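Structure first, commentary second.
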Amino acid sequence: MVRTMMAAAALDIVWKNIATSLDNGEDVAATEKTSLRQIDALELFEVYYRDRFRAQLRDTIVPEFIEGINSCQEDGAAGVVALSHAVRTLKARLSPILSAAKSWTSDDAAHQTSVIPQTSLLENLKCILEAHFSLPGLSRFRSVLLDQFKSSYDDFVALQQLREEDEDLDRLCEANVFKSNLDLSEHGFEEAAMLVSKLRNVDVVTTALDDIGLLHLLCASTGFSSLVEDIIVGNVTAICKGEFEESFVNSIDSWLTQSFYGWFELCTTHSARATPTLSWSSVQACMYHTLCQLRIDELFDIIVDYPDSQAAISDLHTCLHRIEDTPGYQSVRAYLLHSLTATFRRRLLHPGANTNDILAQYILAIKALRELDPSGVVLEVVCAPVRAYLQRREDTIRSIVTSLIDDSNSDLSSELADGKPIAMADSDGSSDESDGDDDAPARVWMPDPVDAAPSSSRSQRTGDVTSLLINIYGSKELFVKEYRQLLSERLLALDDDDVIDREARHLELLKLRFGEEHMTQCEVMLKDVTDSKRISTRIEADAKGTPEGEIIGANGDLRILILSRLFWPSFKGEDTLELPSRLQRSIDAFTRKYEVLKAARTLDFKKQLGYVAVDIELDDGTTMEFRVPPVVACIIMHFEDTPRWTLDALSSTMKVSTAVLQKRILFWTRQGLIKQVSPGEYILDEQGYATTDNTASSTANAMHDAADGDDDDDDDD
């Protein structure tokens, strides 16, 4: 008991001596430490020291500092001066205490007890200091400091702009102008001098806080990290948003190292930047994350503009590669997959979008996403809803086939010309594509990426555009069947020998892609066209100068397409159309000549198929040319013979339903040649053409109008 009382008395005496020495700016005598060690009270004194320091912080130092911070109400230069004064006062109160603590380190293991941690007194005091400055009561200080940091960035940028505009100012600022006493106003740079003065005060604040061990705590806070992120996001967005034709990775790299880093270095110190959240690598990762986020949000528009937006795709690929070792990489990649998939659903996969537009966007997505992610996983995941949606649309196959043989579609036509076989995905994810080259090098097996779907097919991720389009349905037969149907329609509408050559070229290319065995019927169809032309020429030559020849040519050039029934697709509806007698006589005469030429064979005419070139001459001498389906041509021919008809009468004469007839007669009413005078009754109206805007009506437009509504007619094909 006596020994304890003696130790307590000694502690009070030593503390008073230390306090007096600190007040006088004197060094603490080493004999104080020796005397405490003699009574085995050195470690006990450190506990006492910490308690007295904690009490001083609570009772005097922190309240005085809070009072000084609360006086920092002004913005601009006055505000940063007030903050600088408060921080320098804090440093003045703390520095002697922290300096004295360095000499009281419990480094002698012989005097350690199990109760006292084996850390220096200075480290213990810094922990107490950090705990006090983390309390909610000092949130005002943290807020003021962040506001000044934010304002200092604007000042730093403004100074950088002035330096870029004036070489003399830039030369003066080449050294660390914030650490020097250089007065720029003496050189005529008043605005720059004001900015430098404000930034110097910020430097004083950060240096003082670092000296007392608080800067790294404040800079490692979420508030400062958010400020850094906001500055990076703002600049990256301002530089890159909406600009897809130029690469910006190098530009933002230069901004980060040349502009941002100068401010970042001003607001932090080496020790503060040693914390993980403020390391330079984390700042760079933040910038790349920001550009990734921006480009992912714009990715749909980037794909729409591809290949003009290839630079934006390249930037996104580069940034993803640079952050793939950071903790947030997987979340960014997941956001990419989720965001683009949702955007496709919202902006593309809806009833208002045309199938051709969806296919065009899908093709662009294939190219763009393959450049972004060569593994094909992003393409497979993001476009899975697109493929499923296209599969449900009735006109998808027709649109794909039309695109394949459309010479204006440079992408697909160039792939078609390559002649590479279609790679079909099997259920096990393999491909049925054969290399066909025994000398080809063996493929090296590579594992699928971790986010690839378990049931995914490597061929679906790596095949060419045509293969991916065909794989929407997973069957070549569907596309071959649709091509046969499309080819039949195109051949029935032939009016130019060049068209036959073009279709033959397309067929040869498709044979390379789909295989010859799938295109046998199509070859027969093309052969029918060339054989029909030869037979027609032979019959016309044989009938020339004979009565039957005159009948055949009575209605102009009669071109008959003779089809091999088993090789052509079936045609919708029944052939009920009854032609005007003058047309029927020409057909009958041609049939008789064919039966002579081809013994034991005859022709069964499909009267609803084909087209008729109609020349109409009006009373005023105006001549009009139209190319229309047979039923439309028959209507005007009947009105030529009888100028007034009812639908019922005309339907009975032509053996066509009134519903179909009413649709077909609309073509002539739009041309102004037939006029409806009452429900179900029409008359020939040659004067109506003059009042209708039909001048220079093209054959192509007339043919399109006449065929309008074909898909709804059961009697036509």
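It should be emphasised that the depicted structure is a prediction, and the values quoted were computed from it without experimental measurement.
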Between the side chain of T89 and the main-chain N/O of H85, is any donor-acceptor distance below 3.5 Å? yes
Closer than 3.5 angstrom, by distance alone: can the side chain of N235 be matched with the main-chain N or O of I231 as a donor-acceptor pair? yes
Is the backbone of G352 close enough, under 3.5 Å, to the side chain of H350 for a donor and an acceptor to pair up by distance? yes
Counting only heavy atoms not in E191, do more than 12 sit closer than 6.0 Å to its CD atom? no
Using atom types as modelled and distance alone, determine if a side-chain donor or acceptor of D166 lies under 3.5 Å from a backbone N or O of L169. yes
T341 side-chain N/O to P385 backbone N/O, donor-acceptor pair under 3.5 Å: no
Any chance the side chains of D230 and Y153 put a donor and an acceptor closer than 3.5 Å? no
Could you tell me which non-hydrogen atom of F156 sits nearest to which non-hydrogen atom of S259, and how far apart they are? CE2-O, 3.1 Å
Over 60° means perpendicular and under 30° means parallel, so tell me whether F260 and W263 are parallel, tilted or perpendicular. tilted
Output yes when a side-chain donor or acceptor of E298 lies under 3.5 Å from a complementary backbone atom of G242, and no otherwise. yes
At what distance, to the nearest 0.5 angstrom, does CZ of R93 lie from CZ of R88? 15.5 Å
Check whether the side chains of S254 and S251 place a donor and an acceptor atom closer than 3.5 Å, and report yes or no. no
Between Y362 and D357, do the side chains contain an N or O donor and an N or O acceptor separated by less than 3.5 Å? no
Counting neighbours of NE2 on H338 that are heavy atoms of other residues, nucleotides or ligands and sit closer than 6.0 Å, is the number greater than 12? no
So, R347 and D301, do they make that salt bridge, N to O below 4.0 Å? yes
Whether K150 and D147 form a salt bridge (side-chain N of Lys/Arg under 4.0 Å from carboxylate O of Asp/Glu) is what I want to check. no
State whether the side chain of T237 and the backbone N or O of V233 hold a donor-acceptor pair below 3.5 Å, judged by distance alone. yes
